[in-house]
Number of protein chains: 2
Amino acid sequence: MDRQRSSPVGRPRGFDAGAALEKAMRVFWEHGYEGASLTDLTQAMGINRTSMYAAFGNKEELFRKVLNHYTEGPASYGAEALAEPTALGVATVYINGTLRSATMPDYPAGCLGLQASLVSGEDARVIRDLLAAWRDENRTLLIDRFRQAAAAGDLPPATDPELLARYVMTVSNGIAVQAAGGATRADLQPIVDAALRNWPPV
Amino acid sequence: MDRQRSSPVGRPRGFDAGAALEKAMRVFWEHGYEGASLTDLTQAMGINRTSMYAAFGNKEELFRKVLNHYTEGPASYGAEALAEPTALGVATVYINGTLRSATMPDYPAGCLGLQASLVSGEDARVIRDLLAAWRDENRTLLIDRFRQAAAAGDLPPATDPELLARYVMTVSNGIAVQAAGGATRADLQPIVDAALRNWPPV
DNA sequence: CCAGTTGTGTACCGATCGATCCGGAAGTGC
DNA sequence: GCACTTCCGGATCGATCGGTACACAACTGG
């Protein structure tokens, strides 16, 4: 294994990769995968295209990195929700997390994981499938968590964890679409509250 | 004004414009505005591009005609819902209409008015705005109808018609996104039923 | 100082985009 | 039969797409 160098060999990178990835995330979030061109991306990132290719790979590879960044940043409420001690707490944190993330000031509206490629041309099918799998993984994690809640007696015996997870995802998706369409956090908070009233809903 | 001719002058059109528009609608519904190329469209419509330009106009004009066709066909439940005698009836027909339309066999899944351009690049911004306005008009019509229901005593006095309309649109959008992601009508029917339980929800 | 390594900047690539051009086809009316 | 009109088919257009090539820059280590 290489001896630890005092600093790496070669020309030092002239940009902050983290900051560039953050900028790329916002472009994909606002314009979608197909609507974001390499020119849009590199201008927002403040680097040129050979630097983008060297640091992040091609457009698809960049998008995958952006999705990870989004999952750990704006969409981290997903993991936080699962850690809640009750099923109602899980749903509350999840849906309120969607609302907060979808309506942050200085960020694009909506949810990148939903809107970057809900539908697509053939060329972007791999991205559309990636995002469908990302959303479905969220639903699977919710199902598992609600099963655990049911086993712990935290849900009525007749409650179907799959239906409950589907309900939470449906409301969450609806909230994200409304936000993308211009609805504010204030517009949507009462909708979130209503959706969580009468727990469990299914 | 021209005398009524026994038949029009010039070479007769070699395709059914209505059938071609129906084919174009499915392409935009499945692939989105940006994801649908002229090649995709003309191949599905069974005509060549000069025929498409002659009969329907450019890509944007074709899309506008497709949206009208969609509104009067698969999305006609919007107008049908407004004609229901009660607020609950309106919401029930509206959301179940979304579910039915978003999960029809032999049709793309989801809602064209939501997914064809929820986000976009700059070139398609006029289409994104067109669809946002189309959805917002639906919400406005629901608000007006719920105001009417409140005035008629069909809703509790404290009910906010705007919130109620927002709730119906949110659930409807969530249902459409779930369907686009692969959920079936059977998966989603209980979610629709749950969303309509405990009326009015806000 | 120079070789080697890594990064940057600009030009350029083939492919595809939306849109138009133009010759020929299929009709009507005189 | 021919002029005129409308439609079809294929070629072509300029612009932009995602991606690569190559010369030069900025560093390290010997």
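Letters A, B, ... are given to chains in the order of the sequence lines, protein chains preceding strands, and every chain is numbered from 1. Computed from heavy atoms alone, side chains included, the values below leave out hydrogens, waters and symmetry copies.
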**Fill in**
Those residues at least two apart in sequence (or on a different chain) that pass side chain to side chain donor-acceptor pair (under 3.5 Å) with B:Gln178 are A:Arg166, A:Asn173

**Results of salt bridge (Lys or Arg N to Asp or Glu O under 4.0 Å) for B:Arg125 - residues two or more places apart only** = B:Glu122

**Prompt:** With sequence neighbours left out, what residues match B:Tyr94 under ring-ring contact (aromatic ring centres under 6.0 Å, His included)?
**Reply:** B:Tyr77

**Request:** Strictly below 4.0 Å, heavy-atom distances to any atom of DNA chain D: list the hits from residues 17-29 of chain A, or just say none.
**Result:** none

**Prompt:** Using a cut-off of 4.0 Å between protein heavy atoms and nucleotide atoms, how would you tag nucleotides 6-18 of chain D 5' to 3' with B, S and -?
**Reply:** BBSBB------SB

**salt bridge (charged side-chain N to carboxylate O under 4.0 Å, His left out) contacts touching residues 22-36 of chain B (sequence neighbours left out)** = B:Glu22-B:Arg26

**Sequence-distant partners of B:Arg139, salt bridge (Lys or Arg N to Asp or Glu O under 4.0 Å), two or more places apart** = B:Asp136

**Request:** Please name all residues satisfying side chain to side chain donor-acceptor pair (under 3.5 Å) with B:Thr71, sequence neighbours left out, ordered by chain then number.
**Result:** B:Trp134

Solution key, residues 191-202 of chain A side-chain donor-acceptor pairs under 3.5 Å, sequence neighbours excluded:
from, atom 1, to, atom 2, distance (Å)
A:Asp193, OD1, A:Gln189, NE2, 3.2
A:Arg197, NH1, B:Pro201, O, 3.0

